[in-house]
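Here is how names work: the chains are called A, B, and so on, in the same order as the sequence lines, proteins then strands, and each is numbered from 1. Keep in mind it's a predicted model, so treat the numbers as computed, not measured.
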Amino acid sequence: MSEILAELLFPHIKTLPADMEARYPARDLPEGAKVTRFAPSPTGFVHFGGLFPSTVGERLAHQSGGVFYLRIEDTDAKREVEGAAEGLIRTLATYGIHFDEGAILDGEGKISYQGAYGPYRQSERAEIYQTYAKQLVREGKAYPCFTTEEELDELSQVNKKEELKNTDWQAEAEARRAEMLARRNFTIEEVEEHLKAGHPFVIRILADGDEDKKVKFTDLIKGNMEIPENDEDFVLLKSDGIPTYHFAHAVDDHLMHTTHVIRGEEWLPSLAKHLQLFRYLGFRTPKYMHIAQIMRLDEAGNKKKLSKRDMGANMDDYTRMGYCPEAVCEYVMTLLNSNYEEWHMQNPDKPYTDFPFNIKKMSTSGCLFDFDKLNDVSKNIISRMDAKSVTEKVTAWALAFEPDFGKALAADPAFAESIFAIGRGGAKPRKDLATWADAKGYMGFFYDEYFTVEDAYPEKFARDDIRSILEKFTETFDMADDSNTWFAKIKDIAADAGFAADMKLYKQNPEQYKGSVADVSMFLRVAVTGKMNSPDMYSVMQILGRDRVLARVGAMINSL
RNA sequence: GGCCCGGUGGUCAAGCGGCUAAGACACCGCCCUUUCACGGCGGUAACACGGGUUCGAUUCCCGUCCGGGUCACCA
């Protein structure tokens with residue numbers, strides 16, 4: 001009967017599983033090489049959570065001399081977003097994630113496919129899935145189901161989106177189970193009738209599991225666990241002949257010879273289904289790695305899965321905020337491998353790709369996204385860059401997200417570079433920038449159009465004192481002075497005005513002075529930079545040049 | 001609600017039967033210093049709870065509690 005049924009349902013499928021096996025021979029790879037994949041559905045942007053499994057897959061494959069490929073899981077036409085796949089690939093590439101095989105972007109930014117295990121787009125693999133589905137029907141492990149979605153919905157008395165009460169859940173489960181068992185009882189004649197009438201159908205698995213029995217399973221990250229066997233006749237092939245995730249996963253990862261399936265832990269609950277499928281199909285199960293989810297804090301202070309609406313979920317957010325990809329990658333590494341930071345401290349100059357990624361060092365519990373930590377990682381990375389690349393990167397970012405400022409930077413790259421060179425390059429470089437967006441606040445005052453006096457002088461200083469100090473400065477200022485001479489003059493000015501020139505002496509007897517040379521410097525700083533805090537004043541003045549320094553100081557004098 | 005996963009400072013985390021329970025970020029203080037940044041030194045702060053097992057539990061087992069995930073012709 002099963003043979004007849006299989007022909008009835010899939011008259012157009014002439015291929016057999018053996019044909020497929022022949023089409024996808026084992027990969028010729030060295031011992032220990034891992035084959036991993038990233039398998040997103042093209043429904044939108046790359047999620048921060050998606051960067052985790054893809055980074056792990058990429059590292060594991062490339063570290064072992066294996067293959068990392070991209071498979072597009074476009075089995076749900078309803079949710080597909082135009083151009084999402086291209087965007088996905090492009091975004092991943094900016095984070096250093098490149099694929100050896102599968103969907104790849106050509107020079108024009110269009111998708112092309114590479115590799116001998118394709119098609120890499122699931123919507124183009126219908127014949128393959130149907131070949132296996134037919135085989136399962138033939139073997140009595142799957143069957144057609146003509147119950148429509150609408151009928152199924154009626155069975156559910158409650159809306160899934162809503163919070164369900166205890167009894168509702170039970171009623172729901174019982175109703176579904178009863179219906180499922182009833183669906184199994186069909187005759188060939190009934191099937192023929194439905195088919196003749198053109199009724200759509202899905203192919204369901206004939207589950208042989210017992211919910212009360214447990215399957216032992218070892219996850220490479222989570223360790224040993226026991227899960228109940230699957231007893232649910234879940235859908236294999238949807239009514240359009242396209243598989244569900246579960247079925248596509250089993251067939252594709254088998255044929256494409258994936259060795260390690262890396263995915264988020266939200267897949268753990270459906271693992272029993274997959275195990276059952278691999279057994280039914282006679283496939284060897286791959287190794288599984290279920291990665292803990294990234295969380296965020298909600299208003300009530302509870303951890304929540306980072307969802308697409310959240311700040312920092314969309315990878316494009318980081319570009320917008322001005323984070324450099326290296327920082328994000330490194331931050332991800334610190335979360336992924338607990339010994340990464342230690343390694344990095346010992347090897348500060350090596351790229352993270354040199355780090356020996358270790359599955360055993362992966363966390364089993366979900367972590368909270370921490371911008372403080374990201375900023376710290378980022379500051380360190382930027383502080384180690386040379387002035388030229390910082391200038392280029394800040395300019396590129398600003399041109400895209402703050403065009404006016406970007407144009408100002410781009411107008412004179414050498415000038416901008418000299419600014420970013422302040423305090424850079426030594427053993428203890430300044431760490432002022434966590435993002436490119438921080439640049440404007442840090443050094444915008446170098447540009448007249450972004451120069452504003454933000455801080456006022458404290459009340460305790462007499463305006464007359466400040467004015468005469470600034471006037472003296474104007475008289476003695478000489479661009480040719482070296483740093484020491486320049487500061488010696490400031491000290492003299494301070495002393496003449498009744499301010500302590502020596503900080504030690506001032507601290508011993510502060511009441512003997514109107515203030516200190518620190519205050520005098522501050523008068524100048526506010527006049528020249530508009531702020532109480534700034535990088536080294538001598539460097540600032542050297543870069544600003546005589547005219548602008550004197551103009552700003554002059555303007556300040558006039559305003560007092 | 002069933003099932004699954006998890007629970008060491010505010011965050012990320014070492015630990016894998018015996019430790020004054022590492023380290024990083026954040027925070028606070030001090031030092032350096034003309035401000036800031038950097039750097040140095042120091043500090044506050046943790047094994048969810050209750051039972052076992054054991055000479056001895058953060059570590060092993062059970063229960064409770066808490067948090068998360070999941071229960072589709074979505075992935």
Side chains of A:Thr529 and A:Met537, heavy atoms from C-beta outward: is any pair under 4.5 Å?
yes
Name all pairs fulfilling the side-chain hydrogen bond (donor to acceptor under 3.5 Å, both in side chains) condition that reach into residues 69-82 of chain A, sequence neighbours left out, sorted by first residue then second.
A:Tyr69-A:Arg71, A:Tyr69-A:Asp253, A:Tyr69-A:Thr258, A:Arg71-A:Glu73, A:Arg71-A:Asp253, A:Glu73-A:Gln122, A:Asp74-A:Arg121, A:Asp74-A:Ser123, A:Asp76-A:Arg79
What nucleic acid atoms does A:Ser270 come within less than 4.0 Å of, heavy atoms only: base, sugar-phosphate, or nothing?
nothing
With side chains defined as the heavy atoms from C-beta onward, is the minimum distance between A:His194 and A:Phe201 less than 4.5 Å?
no
In whole Å, what separates the C1' atom of B:G67 from that of B:C31?
43 Å
Give the B/S/- string for nucleotides 9-14 of chain B, one per nucleotide from 5' to 3', where a protein heavy atom under 4.0 Å of the base yields B, of only the sugar-phosphate yields S, and otherwise -.
--SSSS
Within the 4.0 Å heavy-atom criterion, would you say A:Val202 contacts the bases, only the backbone, or no part of the nucleic acid?
base
Candidate nucleotides B:C5, B:U34, B:A24, ranked by approach to the side chain of A:Leu268 - the nearest:
B:C5
Take the protein atom CG of A:Leu236 and the nucleotide atom P of B:C74, then report the distance between them rounded to whole Å.
12 Å
Using whole Å, what does the distance between atom P of nucleotide B:A72 and atom CG of A:Asp233 come to?
14 Å
When the P atoms of B:U58 and B:G68 are compared, how many Å lie between them, rounded to an integer?
27 Å
Write out the stems for RNA chain B, ordered by first number and formatted as range with range, counting runs of at least 3 consecutive Watson-Crick or G-U wobble pairs under 3.5 Å.
B:1-7 with B:65-71, B:10-12 with B:23-25, B:27-31 with B:39-43, B:48-52 with B:60-64
For atom OH of A:Tyr506 and atom C1' of B:U33, their distance in whole Å:
15 Å
I need the CZ-P distance between A:Phe371 and B:C27, as an integer number of Å.
16 Å
Length of the line joining A:Arg263:CZ and B:G69:C1', which is rounded to integer Å
14 Å
Classify the nucleic acid contact of A:Thr529 as base, sugar-phosphate or nothing, counting any heavy atom under 4.0 Å across all strands shown.
nothing
Can you check the A:Arg79 CZ to B:C73 P distance for me, whole Å?
14 Å
Would you call the rings of A:His344 and A:Tyr340 parallel, tilted or perpendicular, where under 30° means parallel and over 60° means perpendicular?
parallel
C1'-based separation of B:G15 from B:A22 [nearest Å]:
8 Å
Could you work out the separation of B:G42 and B:C65 based on their C1' atoms and round it to a whole Å?
38 Å
Nucleotide of B:C5, B:A75, B:C73 approaching A:Met225 most closely (side-chain heavy atoms):
B:C5
Same-atom distance (P) from B:A21 to B:C47, integer angstrom
12 Å
Out of B:C25, B:U34, B:U70, whichever nucleotide has its closest atom nearest the side chain of A:Pro269
B:U70
Can the positive tip of A:Lys273 be found less than 6.0 Å from the middle of the six-membered ring of A:Phe234, inside 45° of the ring normal?
yes
Would you indicate what A:Glu211 reaches in the nucleic acid, counting non-hydrogen atoms under 4.0 angstrom: base, sugar-phosphate, or nothing?
nothing
Starting at the 5' end of RNA chain B, which residue's closest nucleotide do you reach first, A:Trp267 or A:Ile227?
A:Ile227
Protein and nucleotides 46-49 of chain B: nitrogen or oxygen contacts under 3.5 angstrom:
none

Reading nucleotides 35-42 of chain B from the 5' end, what letters show protein touch, with B for base, S for backbone sugar-phosphate only, - for no heavy atom under 4.0 Å?
BBBSS---
Atom NZ of A:Lys472 with >12 non-hydrogen neighbours under 6.0 angstrom
yes
How close or far is atom P of B:A75 from atom CD1 of A:Ile72, stated in whole angstroms?
14 Å
B:G10 and B:A46: how far apart are their P atoms, nearest whole angstrom?
7 Å
Both conditions, 6.0 Å and 45 degrees, for the charged tip of A:Arg552 above the ring of A:Phe451: are they met here?
yes
Got a sec: does the CD of A:Gln512 have more than 12 other heavy atoms crowding it under 6.0 Å?
yes
Over how many whole Å does the gap from A:His274 atom NE2 to B:U70 atom P extend?
14 Å
Please determine if a side-chain N or O atom of A:Lys214 lies less than 4.0 Å away from the OP1 or OP2 oxygen of B:C4.
yes
Heavy atoms from C-beta onward define the side chain here; which of B:C74, B:U34, B:A26 lies closest to that of A:Val517?
B:U34
I want to check something: taking the side chain as every heavy atom from C-beta on, are A:His274 and A:His246 in contact at a cut-off of under 4.5 Å?
yes
Regarding A:Asp502 and A:Lys504, does a basic nitrogen lie under 4.0 Å from an acidic carboxylate oxygen?
no
Would you mind telling me which of B:C5, B:U33, B:A75 lies closest to the side-chain atoms of A:Tyr245?
B:A75
Test of understanding: with side chain to side chain contact (heavy atoms under 4.5 Å, CB included), list the residues that count as partners of A:Asp372, not counting sequence neighbours.
A:Asp370
P-based separation of B:A75 from B:U70 [nearest Å]:
15 Å
Over all heavy atoms of both residues, which pair between A:Leu236 and A:Phe247 is shortest? Give the atoms and the distance, please.
O-CB, 3.5 Å
Is the phosphate of B:A75 approached by A:Lys78 (side-chain N or O, under 4.0 Å from OP1 or OP2)?
no
Only one of A:Asp376, A:Asn375, A:Leu374 clears side-chain contact (heavy atoms from CB on, under 4.5 Å) with A:Tyr331; which?
A:Leu374
